[in-house]
Structures are given as structure tokens and as C-alpha cells.
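Source: prediction; values computed, not measured.
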Amino acid sequence: MIPKTISPELKQFICNGFLLIKHSSYDYKQKSDLLGSLISMGAGSGWRPREITIGALNLFIANNFKIPKGLERAHIFHRRDTMKELIESDWEKDEWWDWLKERDYTVLAIRSENRDEKNFSNIQKFEIPLDLNLFWGKRVGFEYGDKEKEFVKALAKQQRLV
């Protein structure tokens, strides 16, 4: 399990690695791939969903509130755009860290919603308050325990879907 907060040592490792990759002679695709892997080491400090789509909520309902297949964390800002900005912008020291952390929040969505970039902003979504500390990110996926299950059930009930 990835820790819920990132240690100062891991943050510094990621920040140093970022500079090494950014200023390397690798081509753009290699830099993007390497940065994606490096940044994923800090998944416990970001990647948390701020929202859940109607499709994802209905998928939970259809699966009796067990974690369903076909659920994804959709990045609010597309990952390719984030990587482009990271690679091509000039950053002062570690200022990119907070920029990335704020930009890297996600939305719980079904696969088809995530793939429909043109209409993603029009899909009905419901807030997941960050202070509830739900759905912590992992390298792949997210945590789903009793707290998350109760949140999804209460939301479904509030929306009169169950």
C-alpha cells in the first residue's frame, strides 16, 4: 500500500528525478514515459478523485456496491497535456510539484466516459469531498474499503437511485 502522505525524502527523490529526466537527452516520448513512472511513485499524495460520474455511480449500484470492473480514474486535465507542460515549461526549482499535485486530481468514471474526451465535461458528476480522505490513489486503481462503500451508498440514496 502506498502511504497516504509522501515523505520529504520521496518527494525530494521525485523532484531530483524530474530534473534529471527533464534535462536529459532523451526524446520527448521517452521523457514523458519516464516522468509518468517517476510521478506515479507519489500516487498516494494525489490522484484522489474529486468527483464521481453518474455512470460510475450506476456501475457501483449494479455491482451491489462492490468494486466493479470498468471503473477508472479519469484525469481532470488530460495526462498528455500535463506531461507536455511539465516537459516544455521552465520551472523554478520545485514549483512544478504543487502545480502537478493540484492538477492531478481525478474523477471516478466508467471507461467509456473517460475515453469520450469531447463530452467529458458535460457528464453529470457528484463531488467527493477531499476532507473525507476517500479513494486514495495507487499506482493502478484506488483504495476501496468500508468508508468508500458507505459514501457511494449514501450518494446513491441521496440521488434517489436506490
Original post:
Would you call R73-E113 a salt bridge at under 4.0 Å N-O?
Top reply: no
List the atom pairs, with distances to 0.1 Å, where a side-chain N or O of residues 152-162 and a protein N or O form a donor-acceptor pair under 3.5 Å, not counting sequence neighbours.
none

Subject >> Ring centre gap for W96 and F18 strictly below 6.0 Å >> reply: yes
Subject >> Sub-6.0 Å ring centroid separation between Y144 and F60 >> reply: yes
Subject >> Sidechain N-carboxylate O distance under 4.0 Å for R103, E85 >> reply: no
Subject >> Euclidean distance, I54 CD1 relative to L59 CG, rounded to 0.5 Å >> reply: 11.5 Å
Original post:
For E117, what residues pass the salt bridge (Lys or Arg N to Asp or Glu O under 4.0 Å) criterion, not counting sequence neighbours?
Top reply: R80
Original post:
What pairs of residues pass the side-chain hydrogen bond (donor to acceptor under 3.5 Å, both in side chains) test when at least one of them lies in residues 11-20, not counting sequence neighbours?
Top reply: Q12-N16
Subject >> Sequence-distant partners of E150, salt bridge (Lys or Arg N to Asp or Glu O under 4.0 Å), two or more places apart >> reply: none
Original post:
Parallel, tilted or perpendicular: which fits the ring planes of W91 and W99, with parallel below 30° and perpendicular above 60°?
Top reply: tilted
**OP:** Using side chain to side chain donor-acceptor pair (under 3.5 Å) as the criterion, list what pairs up with N119, not counting sequence neighbours.
**Re:** D116
**OP:** Could you go through the side chain to side chain contact (heavy atoms under 4.5 Å, CB included) check for K22 and L86 one step at a time?
**Re:** CA-CA 8 Å; K22 182 172 173 48; L86 283 172; over 6 Å; no
Original post:
Just how far is it from atom CZ of R50 to atom CG of L134, taken to the nearest 0.5 Å?
Top reply: 14.0 Å
Original post:
Going through the distances and angles, do K31 and D27 end up as a salt bridge (Lys or Arg N to Asp or Glu O under 4.0 Å)?
Top reply: CA-CA 6 Å; K31 286 181 181 183; D27 66 30; over 6 Å; no
Subject >> Any residue meeting salt bridge (Lys or Arg N to Asp or Glu O under 4.0 Å) with E95, in chain and number order, not counting sequence neighbours >> reply: none
